[in-house]
Amino acid sequence: MIKDLIEPVTDGDIEWVSGLLKLRPLDAPRKEFLQGLVTTDVSACPGSGKTTLAVAKLAILARKWKSLSQGVCILSHTNVAKDEIKVRLGHTIEGQRLLRYPHCIETIHGFVNRFLTTPWLHSAGRPLSVIDNDVTAAARRKHLSRGDFRTLSGFLSRKYKSFEGLRLGSADFQNPLVGTDFPSGSHTPMYKLAASALRHAAEEGYFCYDEIFTLAEAMLTQHPALASVLAHRFPFVLVDEMQDTSEQQDSFLRRIFPRDSDSVCIQRVGDPNQAIFEEMAPNTTDPFPDPQRCIHISNSFRFDSSIATIASGFARSPIKPTGLQGLRLVEASALDHRIFLFPDDDTSGVLPAFGRHVITSLPAGQIGGALVTAVGGVHKAYEDVPPGHKHYPKTVSHYWQPYTAGANRPARPACLVEYFHAAQTLATNSGELAACVDQVAGGLIRLCSVSGGKPDRRLHSRPHLQLTRLLASDKNANLTYRDLITRLLLARETLSSSTWDEFTAISLKIAAFLGAPETPPASALKGFLTWAESGPLIAPGLTADPNVYCHQEGDVRLDIKLGSIHQAKGQTHSATLILETFQNAHFLKSLLPWLTGDNQNGTRCNSDAAAQRLLLMYVAMTRPTDLLCLAMQKGSLGPGQRAAVSEDKLKAKGWSIEHL
């Protein structure tokens with residue numbers, strides 16, 4: 001029982017943690033969460049300080065926790081969220097206690113892999129070489145001849161599927177496609193080819209990320225008592241970003257940590273109105289939040305009441321108890337939330353108009369450090385949609401041609417030299433070698449994998465420390481690796497096409513120490529050792545972002561960061577411009593009834609696509625601290641008198657209108 005492991009949280013504990021973390025004055029819902037030691041959900045609006053509040057709760061638990069063998073389990077959806085919690089906890093002496101045994105901070109994937117999948121594979125005498133979608137697809141392809149792979153890929157393509165999308169349906173590796181929707185019967189040649197590829201790769205220990213749940217299911221089936229063992233081991237569980245948890249993930253959490261049990265306390269924290277990741281199968285069995293036991297935090301420190309009033313009606317689930325509230329105080333001059341109406345076939349004036357408006361609206365002293373963004377629901381390039389096309393503007397790049405989708409996120413290097421280039425660039429920028437050596441080590445480990453080796457990825461979370469442990473028993477191998485690090489990151493030897501053969505030979509030598517063939521077949525490497533030029537290194541203190549539009553107004557320069565709404569989730573901006581884009585329908589045009597106030601929340605939201613647009617709009621609208629703007633086609637408001645009526649309604653909802 002949780003009450004046997006921790007004393008009740010007092011007002012004194014809250015006063016202590018408020019001083020420690022410099023918290024703002026806490027209202028009743030926030031105090032209720034900090035003091036609560038029973039299973040509950042917390043639905044927290046954007047900018048409510050949810051992560052800070054969670055860290056405060058964990059600091060209190062760490063300070064008062066009694067057991068040396070039972071611990072607190074903190075689960076998140078992404079590595080980013082997990083790492084943020086770890087970093088924040090690490091800033092306090094009390095919080096550091098949660099970073100070691102008996103406690104656990106993991107992603108849901110990481111928890112399932114650590115406590116279920118890996119033990120099952122070990123108990124079955126099976127290897128675990130790699131958990132990686134790309135490497136696993138390559139391992140599966142290796143077991144097919146070129147002709148068989150081409151035939152199978154063509155068959156799957158005609159069925160609107162892909163070879164890379166194949167997944168294990170069973171932990172019985174002799175029948176890996178059982179329970180899947182493979183588009184032909186088990187007696188067919190195509191089924192047998194696919195099953196053979198999956199079987200051989202699985203027997204060698206290659207798995208995709210989501211297949212760890214299939215293997216974990218086998219563990220729970222064979223050892224049903226393990227669930228209660230884990231629940232006893234972790235009697236307090238905090239799940240962060242719960243809205244992004246899929247049905248598959250939550251089914252495992254429910255089996256291990258049943259929310260109707262008195263012996264375990266499960267607290268789920270998130271915002272159902274920010275569940276914008278469409279690839280996640282929604283959780284319908286045990287939806288979040290539970291209306292019977294939920295704490296609602298509906299006031300935001302991020303923005304003021306003007307943005308809160310506009311955004312509140314876009315929350316698919318009405319925000320309880322009184323709608324979205326804004327607590328931030330801003331200068332009156334910054335409250336001109338504007339809709340830019342541009343000609344249907346001409347977006348050229350949108351970003352300049354937005355830049356002018358930001359410069360004249362924000363305080364002069366704020367411009368230099370302001371994060372100003374323009375985001376859209378679609379940002380992939382579509383060259384076949386020119387101005388005048390019925391889908392125009394379809395994507396972010398239709399507002400600024402140089403925009404490059406994917407440049408906003410750290411792309412996985414395509415070849416070994418890109419790992420080395422990235423390491424040298426990091427060393428040039430920051431001088432901190434930890435991330436740099438991890439880049440080099442990560443490239444070498446991947447080289448071993450694509451060459452046919454099986455580096456053990458369970459040894460350490462950091463690639464460099466993993467690699468040094470793998471090479472520790474071989475003095476020559478360790479010296480070779482250290483010499484490579486010295487040449488790349490300390491001596492900063494310039495990588496060139498003329499020296500690449502030498503670095504390739506050194507890298508293959510290290511991969512061979514890790515278990516790769518000394519002379520791997522060229523087909524296995526698949527271009528991974530190909531020389532590739534790098535762009536210029538970034539000078540210290542500067543950034544090289546291809547997706548920044550620079551607006552100059554007199555002697556004032558404003559950088560506008562372009563990107564997708566998905567990328568903006570979790571961010572805070574000074575000013576945000578939401579761009580019209582197209583996917584099945586024009587994004588903002590389809591939401592006009594909500595903009596004018598004719599619709600509120602999820603009313604008349606009659607399709608999954610419409611619901612997704614509403615969620616995306618809510619996320620985008622709740623990013624800025626000061627200024628919220630939209631870019632819409634003039635035709636979106638309708639013809640003639642209808643457009644005038646729409647404009648009047650928009651102005652009544654707090655918008656100003658600028659015709660471009």
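Please read all numbers here as calculations on a predicted model, not as lab measurements. Below, each value reflects all heavy atoms present in this structure, side chains not excepted, and no hydrogens, waters or symmetry copies.
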Heavy atoms, side chains only, cut-off 4.5 Å: are [X] and [Y] in contact?
{"X": "Asp250", "Y": "Phe288", "answer": "no"}
{"X": "His551", "Y": "Pro352", "answer": "yes"}
{"X": "Val619", "Y": "Arg623", "answer": "yes"}
{"X": "Lys561", "Y": "Gln567", "answer": "no"}
{"X": "Met621", "Y": "Ile310", "answer": "yes"}
{"X": "Leu595", "Y": "Leu630", "answer": "yes"}
{"X": "Leu341", "Y": "Leu637", "answer": "yes"}
{"X": "Pro624", "Y": "Ser574", "answer": "no"}

Donor-acceptor under 3.5 Å ([X] side chain, [Y] main chain):
{"X": "Glu553", "Y": "Arg356", "answer": "no"}
{"X": "Trp655", "Y": "His337", "answer": "no"}
{"X": "Asn273", "Y": "Arg316", "answer": "yes"}
{"X": "Ser300", "Y": "Pro46", "answer": "yes"}
{"X": "Thr603", "Y": "Asn599", "answer": "no"}
{"X": "Thr622", "Y": "Tyr618", "answer": "yes"}

May I ask you to establish whether [X] and [Y] are in a cation-pi arrangement, using a distance under 6.0 Å from NZ or CZ to the six-membered ring centre and at most 45° from the ring axis?
{"X": "Lys634", "Y": "Phe342", "result": "no"}
{"X": "Arg24", "Y": "Phe301", "result": "yes"}
{"X": "Lys394", "Y": "Phe582", "result": "no"}

Would [X] and [Y] pass as an ion pair if we require N to O under 4.0 Å?
{"X": "Arg167", "Y": "Asp210", "answer": "yes"}
{"X": "Lys82", "Y": "Asp240", "answer": "no"}
{"X": "Asp626", "Y": "Arg328", "answer": "yes"}
{"X": "Asp559", "Y": "Arg557", "answer": "yes"}

[atom1] of [X] to [atom2] of [Y]: how many Å apart, nearest 0.5 Å?
{"X": "Phe207", "Y": "Thr136", "atom1": "CZ", "atom2": "OG1", "value": "8.0 Å"}
{"X": "Thr395", "Y": "Glu580", "atom1": "OG1", "atom2": "CD", "value": "12.0 Å"}
{"X": "Asp271", "Y": "Lys569", "atom1": "CG", "atom2": "NZ", "value": "8.5 Å"}
{"X": "Ser76", "Y": "Ile108", "atom1": "OG", "atom2": "CD1", "value": "7.5 Å"}
{"X": "Phe587", "Y": "Ile578", "atom1": "CZ", "atom2": "CD1", "value": "6.5 Å"}
{"X": "Ile339", "Y": "Ser636", "atom1": "CD1", "atom2": "OG", "value": "10.0 Å"}

Problem - Steps toward side chain to side chain contact (heavy atoms under 4.5 Å, CB included) verdict (Tyr419, Phe528) - result: CA-CA 11 Å; Tyr419 281 93; Phe528 189 66; 3.9 Å; yes
Is a donor from one side chain sitting under 3.5 angstrom from an acceptor on the other, for [X] and [Y]?
{"X": "Thr625", "Y": "Arg302", "value": "no"}
{"X": "Glu247", "Y": "Gln249", "value": "no"}
{"X": "His573", "Y": "Thr373", "value": "yes"}
{"X": "Arg88", "Y": "Thr52", "value": "yes"}

Which heavy atom in [X] sits nearest to a heavy atom in [Y], and how many Å separate them?
{"X": "Phe340", "Y": "Leu660", "value": "CB-CD1, 4.0 Å"}
{"X": "Glu241", "Y": "Lys50", "value": "OE2-NZ, 3.3 Å"}
{"X": "Ile307", "Y": "Leu627", "value": "CD1-N, 4.3 Å"}
{"X": "Pro289", "Y": "Ser43", "value": "CG-CB, 4.2 Å"}
{"X": "Leu238", "Y": "Phe33", "value": "CD1-CZ, 4.4 Å"}
{"X": "Ala137", "Y": "Glu164", "value": "CB-CG, 4.2 Å"}

Exercise for the section: Test Leu615 against Gln274 for side chain to side chain contact (heavy atoms under 4.5 Å, CB included), laying out the working first. Expected result: CA-CA 6 Å; Leu615 293 171; Gln274 296 191 69; over 6 Å; no
Handout entry: Trace of the salt bridge (Lys or Arg N to Asp or Glu O under 4.0 Å) decision for Lys649 with Asp598
Key = CA-CA 9 Å; Lys649 289 183 177 181; Asp598 294 332; 3.2 Å; yes
Exercise for the section: Tell me whether the centres of the aromatic rings in His398 and Tyr403 are closer together than 6.0 Å. Expected result: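 Between His398 and Tyr403, the centre distance exceeds or equals 6.0 Å.
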Exercise for the section: Could you check Phe314 against Asn601 for side chain to side chain contact (heavy atoms under 4.5 Å, CB included), going step by step and ending with a plain yes or no? Expected result: CA-CA 5 Å; Phe314 286 85; Asn601 305 119; over 6 Å; no
Exercise for the section: Test Tyr382 against His391 for ring pair (Phe, Tyr, Trp, His ring centres under 6.0 Å), laying out the working first. Expected result: CA-CA 10 Å; Tyr382 287 91; His391 293 171; 9.0 Å; no
Problem - Enclosure of Arg338 CZ (heavy-atom neighbours >12, cutoff 6.0 Å) - result: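 More than 12 heavy atoms, drawn from other residues, nucleotides or ligands, come within 6.0 Å of this atom.
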Handout entry: Residue pair Val375, Val396: steps toward the side chain to side chain contact (heavy atoms under 4.5 Å, CB included) verdict
Key = CA-CA 7 Å; Val375 297; Val396 170; over 6 Å; no
